[in-house]
J.: 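Would you mind keeping the following structure in view while I ask a few things?
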Amino acid sequence: MDIEVLKEWPTKWLRRAHVGKAALWGILAALGLAALYPVFFLISGSFMGKDELGEYLGAVISGSHGYAHFPLLPAYPTLRHYVEVFLDSPGFFVMFWNSVKITFGVLAGQLVVGTMAAWGFAKHEFPWKKGFFLLYLILMLLPFQVLMLSNYLVLDKLALTDNLWGIILPGIFSTFPVFIMYRFFRELPDSLLESARLDGAREWQLFFYIGLPIGSSGVIAAMALGFLEYWSLIEQPLTFLKERRLFPLSIFLPDITSVSQSGMAFAASAITFVPALLVFLGGQDYLEQGIMAGAVKE
């Protein structure tokens, strides 16, 4: 009897393992669908007509009686809201290009300043190096609200409080990309650099021909994270910009509140969401590497 039980035990164990695995996948799938529901909500709403949106969201937007409810699929799909955004909203394109200028201006500056700072911290020795790097970490941990007043006073003295450069310049000297790229440059073996120096390579050649190619994963991870951050800025533009013509797209979207403009808000949000989604999908592997590198304790 005991022998029969022992023979059946592996089969029972495998059966329980499969059941447990299936249950785990079911729970993860349910959580994934719950996390993706806002995306479905956004895309579905962008294809709904004004009357349909008013019926579903009127209780929330206009304060009418009843409860808000929202189906996953529109009853009568329409592209009218996308036409309104692309053809009847010149302000949308102005703000879209403001977002492009801010985002790519910051990323270009970080690509120059951040990579050199990270390389210097990772592969060069100089007085007070650990102290300066600790200061970098402290600045990275401080939220924008803490530095808002000091940043405003400095930008005001430089006459940049109503200028896109007032957002771009502080972003260029952000400490976060330095921290991400530092971890990747730190992994480069010093023996490789010493061999290159013995062969006559100069410091700038070590940086451009060894550091950047091998540490490219960290650079791409920092750029992808920077894009996701600066594409959706809200607090900095509201603080440093006064003229509406300078507002980025992230400020344009929350400005639409009435039922008649809710469909346009959905469409504009969906259009704004696409670049961030493409960058995330394209740099997903690099983002994982950047998160793992940032979690390693030195």
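Fair warning: this is a prediction, and the values are worked out from it, not measured in the lab.
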J.: For Phe126, does the CZ atom have more than 12 heavy-atom neighbours from other residues, nucleotides or ligands under 6.0 Å away?
T.: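 Atom CZ in Phe126 is packed in, count exceeds 12.
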J.: Please identify each residue that fulfils ring pair (Phe, Tyr, Trp, His ring centres under 6.0 Å) with Tyr82, with sequence neighbours left out.
T.: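 Listed in chain order: Phe47.
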J.: Assign the ring pair Tyr209 / Trp204 to parallel, tilted or perpendicular, where the plane angle (0 to 90°) is split at 30° and 60°.
T.: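 Rings of Tyr209 and Trp204: tilted, as their planes differ by 30° to 60°.
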J.: Between Thr115 (side chain only) and Val112 (backbone N and O only), is there a donor and an acceptor less than 3.5 Å apart?
T.: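 It does hold such a pair.
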J.: Is the gap between the ring centers of Phe133 and Tyr182 under 6.0 Å?
T.: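 Ring-ring flag for Phe133/Tyr182: true, centres closer than 6.0 Å.
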J.: Hey, would you say the Phe227 and Phe280 ring centroids sit under 6.0 Å apart?
T.: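 No; Phe280 has its ring centre 6.0 Å or more from that of Phe227.
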J.: Would you check if the side chain of Ser216 reaches a backbone N or O of Pro213 as a donor-acceptor pair within less than 3.5 Å?
T.: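 Between the backbone of Pro213 and the side chain of Ser216 there is a qualifying donor-acceptor contact (under 3.5 Å).
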J.: How close do Met181 and Val219 get, counting heavy atoms only, and between which atoms?
T.: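 For Met181 versus Val219, the nearest heavy atoms are SD-CG2, 3.7 Å.
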J.: Please determine whether residues Leu233 and Val100 belong to a single hydrophobic cluster, defined as Ile, Leu, Val, Met, Phe, Trp and Tyr linked transitively by side-chain heavy-atom distances below 4.5 Å.
T.: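 Yes.
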J.: Could you report the tightest heavy-atom contact between Pro248 and Ile102, atom names first, then the distance?
T.: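 Nearest heavy atoms, Pro248 then Ile102: CB-CD1, 4.1 Å.
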J.: Calculate, to the nearest 0.5 Å, the distance between atoms CG and CG belonging to Leu164 and Asn98 respectively.
T.: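 Here the rounded value is 5.0 Å.
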J.: Give the minimum heavy-atom separation between Ala122 and Arg186, together with the two atoms involved.
T.: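 Ala122 and Arg186 have their closest heavy atoms at O-NH1, 3.1 Å.
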J.: Between the side chain of Ser232 and the main-chain N/O of Leu228, is any donor-acceptor distance below 3.5 Å?
T.: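 The answer is yes, because a donor-acceptor pair under 3.5 Å joins these two groups.
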J.: Going by an N to O cut-off under 4.0 Å, is there a salt bridge joining Glu84 and Arg80?
T.: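 Yes, this pair counts.
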J.: Starting from Tyr76, can I reach Phe266 by hopping between I/L/V/M/F/W/Y residues whose side chains sit under 4.5 Å apart?
T.: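 No, Phe266 does not connect to Tyr76 through the hydrophobic network.
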J.: Quick one: closest heavy-atom pair of Ala196 and Ile210, and the distance?
T.: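 Closest pair (atom of Ala196, atom of Ile210, distance): CB-CD1, 3.7 Å.
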J.: What verdict does the salt bridge (charged side-chain N to carboxylate O under 4.0 Å, His left out) test give for Glu125 and Lys129, after you've listed the backbone C-alpha separation in whole Å, the side-chain angles of each residue and the deciding distance to 0.1 Å?
T.: CA-CA 7 Å; Glu125 296 296 331; Lys129 172 184 173 180; 3.4 Å; yes
J.: Could you tell me which residues satisfy side chain to side chain donor-acceptor pair (under 3.5 Å) with Asp190, sequence neighbours excluded, listed by chain and number?
T.: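 For Asp190, the residues satisfying side chain to side chain donor-acceptor pair (under 3.5 Å) (neighbours in sequence not counted) are Lys123.
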J.: Indicate the atoms forming the closest heavy-atom contact of Gln205 with Gly200, along with that distance.
T.: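 Between these two residues, the closest heavy atoms are OE1-O, 4.1 Å.
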J.: Under 3.5 Å, side chain of Asp162 to main-chain N/O of Lys242, donor-acceptor pair present?
T.: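 Answer holds: yes.
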J.: With ring pair (Phe, Tyr, Trp, His ring centres under 6.0 Å) as the test, would you mind laying out the steps for Trp97 and Phe104 before giving the verdict?
T.: CA-CA 10 Å; Trp97 285 115; Phe104 286 96; 9.5 Å; no
J.: Hey, can you tell me if Phe93 and Phe86 have their rings parallel, tilted or perpendicular (30° and 60° cut-offs)?
T.: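 It falls in the tilted class, 30° to 60°.
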J.: Suppose the criterion is side-chain hydrogen bond (donor to acceptor under 3.5 Å, both in side chains): which pairs have a residue in residues 130-152, not counting sequence neighbours?
T.: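 Sorted pair list: Gln145-Glu235.
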J.: Please confirm whether the backbone N or O of Ile43 pairs with a side-chain atom of Ser46, one donor and one acceptor, at under 3.5 Å?
T.: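 Checked: pair present.
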J.: Look only at the side chain of Trp231 and the backbone of Thr272, and say whether a donor-acceptor pair between them is shorter than 3.5 Å.
T.: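 It does hold such a pair.
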J.: What is the minimum heavy-atom distance between Arg245 and Val94, and which atoms define it?
T.: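 Between these two residues, the closest heavy atoms are O-CG1, 3.5 Å.
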J.: Do His124 and Glu203 have side-chain heavy atoms sitting under 4.5 Å apart?
T.: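 Yes; the side chains approach each other to less than 4.5 Å.
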